[in-house]
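Comments concern the structure below.
Naming convention: chains lettered A, B, ... in sequence-line order (proteins, then strands); numbering from 1 in each chain.
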Amino acid sequence: EAQVTQNPRYLITVTGKKLTVTCSQNMNHEYMSWYRQDPGLGLRQIYYSMNVEVTDKGDVPEGYKVSRKEKRNFPLILESPSPNQTSLYFCASSLMGAYGYTFGSGTRLTVV
Amino acid sequence: RKEVEQDPGPFNVPEGATVAFNCTYSNSASQSFFWYRQDCRKEPKLLMSVYSSGNEDGRFTAQLNRASQYISLLIRDSKLSDSATYLCVVNEAGANNLFFGTGTRLTVIP
């Protein structure tokens with residue numbers, strides 16, 4: 001089944017404790033992105049990647065890192081999480097941006 | 001000013017009704033347009049792309065007006081299962097960022 005898999009689905013952590021949210025897609029897509037969704041703000045792009053070793057900042061990159069060492073994986077790293085990073089996170093992939101994106105099931109992160 | 005603006009609703013309509021959602025976007029260079037559907041606490045799912053000539057998929061019709069920078073979605077014969085939040089999404093030419101509206105919430109009532 002074609003899909004984008006994120007883990008974990010839910011995560012509660014403390015301020016400053018490094019964490020990684022994994023994302024993997026099995027569709028051989030070139031494009032991958034991370035979004036966060038907050039009430040009243042909609043989905044906002046954090047980082048995106050057009051291919052292996054090619055990443056760039058989206059609209060809200062502060063406090064996040066990503067890597068794209070393999071085509072299928074695009075992990076999101078929070079080196080020192082803060083409470084304002086409490087949010088619902090989605091990973092997405094696309095063959096090309098104009099074709100629309102397939103989203104993962106989301107990761108609900110709470111930073112206390 | 002937001003890139004994509006939608007009426008947040010909520011829209012509460014009876015089964016069988018026709019309902020229309022509207023969306024405006026600010027960047028005239030926008031190239032690709034979509035409607036996504038998002039159920040509560042779930043991921044957005046692509047409902048349909050929107051083409052300049054307008055397009056239809058069963059009970060759903062999407063229209064694009066580039067001159068007015070306006071996108072619409074029409075749902076005919078609403079079903080209970082259509083209850084969801086509908087997201088208007090725009091992709092700028094040559095860009096890799098999707099700009100999302102905050103969504104319009106629809107509830108179809110028996």
More than 12 heavy atoms of other groups within 6.0 Å of [X] [atom1]:
X        : atom1 : value
Leu80(B) : CG    : yes
Lys45(B) : NZ    : no
Tyr70(B) : OH    : yes

Transitive ILVMFWY side-chain link [X] to [Y], under 4.5 Å:
X        : Y        : result
Met50(A) : Trp34(A) : no
Tyr64(A) : Leu88(A) : no
Tyr31(A) : Ile46(A) : no
Tyr48(A) : Phe74(A) : no

Query raised in the report: How many angstroms lie between CG in Leu98(B) and CZ in Phe103(A), if you round to the nearest 0.5 Å?
Result: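 CZ of Phe103(A) is found 6.0 Å from CG of Leu98(B).
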Requested in this report: To the nearest 0.5 Å, tell me how far Glu43(B) CD sits from Leu43(A) CG.
Outcome: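 Answer for the CD-CG pair, Glu43(B) versus Leu43(A), is 11.5 Å.
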**Report entry** Closest non-hydrogen atom pair, Thr102(B) against Gly40(A)
**Finding:**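 The pair with the smallest heavy-atom distance is CG2-O, 3.5 Å.
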Requested in this report: Identify the two heavy atoms, one from Lys42(B) and one from Phe90(A), that lie closest to each other, and give their separation to 0.1 Å.
Outcome: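 Shortest heavy-atom contact: O-CZ, 3.6 Å.
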Report task. Mind ranking Ser49(A), Ala92(A), Gly58(A), Gly104(A) by heavy-atom pairs under 4.5 Å with chain B and telling me who comes out on top? Result ->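 Counting heavy-atom pairs under 4.5 Å, the top option is Gly104(A).
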Query raised in the report: Taking every heavy-atom pair that is under 4.5 Å apart, which of Ser105(A), Gly106(A), Gly42(A) has the most such pairs with chain B?
Result: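 Between Ser105(A), Gly106(A), Gly42(A), the count favours Ser105(A).
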**Report entry** Part of Leu41(A) within contact of chain B (heavy atom distance under 4.5 Å)
**Finding:**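 Contact with chain B is through the backbone of Leu41(A) alone.
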Report task. Identify which part of Arg44(A) has an atom lying under 4.5 Å from any heavy atom of chain B, answering side chain, backbone, both or neither. Result ->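 For Arg44(A), no heavy atom lies under 4.5 Å from chain B.
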Report task. Kindly say whether Tyr101(A) contributes a backbone atom to a donor-acceptor pair with the side chain of Tyr36(B) at under 3.5 angstrom? Result ->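 Yes; judged by distance alone, with no hydrogens or angles, the pair exists.
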Requested in this report: Verify the distance criterion only: is there a donor paired with an acceptor across the side chains of Gln37(A) and Gln38(B) at less than 3.5 Å?
Outcome: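 Gln38(B) and Gln37(A) do have a side-chain donor-acceptor pair below 3.5 Å.
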